[in-house]
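Notes follow the structure.
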Amino acid sequence: MAVSEERVGIDALLERVRAGYRRVGAGEAYEAARRGEALLVDIRYAALRARDGLIPGALVVERNELEWRLDPQGSHRLPEATGHDLRVVVICNEGYASSLAAESLHRLGLHRATDLVGGFQAWRAAGLPVTAVPRDGRLGSP
């Protein structure tokens with residue numbers, strides 16, 4: 001027996017997903033992170049980080065690993081995944097993929113997850129801090 005599925009386009013899906021939480025602007029994300037009230041998580045792929053730079057202090061987690069790394073109950077979680085009350089601001093390049101990622105984190109119980117309106121490009125356009133990726137491409141010590 002076939003399961004009936006509702007077909008929805010990406011624009012409608014984004015609208016539906018975004019209605020489930022309050023997105024934040026670049027200035028608000030910056031201030032929340034500066035005060036230690038939010039964890040910025042950069043899900044952009046390596047080529048975009050190399051091209052455009054990094055947000056100082058943001059945790060870099062590839063999109064395909066996000067749920068495993070931020071699930072507070074997961075066996076592959078990062079030390080920063082301290083609990084379901086963690087305020088996470090997901091950042092992609094332009095603010096589309098991050099909306100879907102934030103919704104996925106909500107499904108894991110991270111009810112304060114949100115995303116950055118306009119993504120990294122909005123952060124940079126606001127004149128907020130950006131650093132270059134080191135020439136060797138490494139983001140930190142092994």
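Hydrogens, waters and symmetry mates are skipped; everything else that's a heavy atom, side chains included, is used.
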Ionic contact status for Asp52 with Arg124, cut-off 4.0 Å: yes
Sub-3.5 Å donor-acceptor pair from the side chain of Trp123 to the main-chain atoms of Gly118, do we have one? no
Salt-bridge contact Arg77-Asp71 (side-chain N to carboxylate O under 4.0 Å): no
Starting at CD of Glu65, measure out to CG of Leu70 and round the result to the nearest 0.5 Å. 10.5 Å
On a heavy-atom basis, the closest approach of Asp42 and Ala58 is CB-CB, 4.5 Å
Given the rule in the salt bridge (Lys or Arg N to Asp or Glu O under 4.0 Å) test, do Glu62 and Arg49 qualify, once you have shown the distances and angles that lead to the verdict? CA-CA 11 Å; Glu62 295 281 338; Arg49 294 191 311 266; 3.2 Å; yes
Does atom NE2 of His111 have more than 12 heavy-atom neighbours, drawn from other residues, nucleotides or ligands, at distances under 6.0 Å? yes
State, yes or no, whether a side-chain contact exists between Arg22 and Thr114 at a heavy-atom distance under 4.5 Å. no
Could you state whether Tyr21 and Ile10 fall into the same hydrophobic cluster, counting links through intermediate Ile, Leu, Val, Met, Phe, Trp or Tyr residues with side-chain heavy atoms under 4.5 angstrom apart? yes
Do Ser98 and Glu103 come close enough that some side-chain heavy atom pair is under 4.5 Å? no
Heavy-atom closest pair (Pro129 atom, Pro56 atom, distance to 0.1 Å) is O-CD, 3.2 Å
Contact summary for Asp115 and Ser99, nearest pair of heavy atoms: OD2-OG, 2.8 Å
Leu105-Leu78 co-clustered via ILVMFWY side chain contacts under 4.5 Å: yes
Quick check: do Ile43 and Leu66 have side-chain heavy atoms less than 4.5 Å from each other? yes
Under 3.5 Å, side chain of His84 to main-chain N/O of Leu108, donor-acceptor pair present? yes
Would you kindly confirm whether Phe120 and Tyr30 end up in one hydrophobic cluster when ILVMFWY residues are joined by side chain heavy atoms under 4.5 Å apart? yes
When you compare the side chain of Leu40 with that of Ile91, does any pair of heavy atoms fall below 4.5 Å? yes
Can you tell me if Glu15 has over 12 outside heavy atoms packed within less than 6.0 Å of its CD? no
Are any of the side-chain nitrogens in Glu28 or Arg23 under 4.0 Å away from the carboxylate oxygens of its partner? no
Atom of Ala101, atom of Val90 and distance for their closest heavy-atom approach: CB-CG1, 3.9 Å
Electrostatic pair Glu37:Arg112 at N-O distance under 4.0 angstrom: no
Crowding at CZ, Arg51 (>12 non-hydrogen neighbours, <6.0 Å): yes
Minimum heavy-atom separation for Cys92 and Ala97, please, with both atom names. SG-N, 3.6 Å
Report yes if some heavy atom in the side chain of Leu14 is under 4.5 Å from a heavy atom in the side chain of Leu100; otherwise report no. yes
Please say yes or no: joined through hydrophobic side-chain contacts below 4.5 Å, possibly via intermediate residues, are Val89 and Tyr96 part of one cluster? no
Residues joined to Tyr45 in its hydrophobic cluster, side chain to side chain under 4.5 Å directly or through other members, sorted by chain and number, are Leu48
Minimal heavy-atom distance between Gly95 and Arg18, with the atoms involved, is O-NH2, 2.7 Å
Same cluster or not: are Val61 and Leu86 linked, directly or through other Ile, Leu, Val, Met, Phe, Trp or Tyr residues, by side-chain heavy atoms under 4.5 angstrom apart? yes
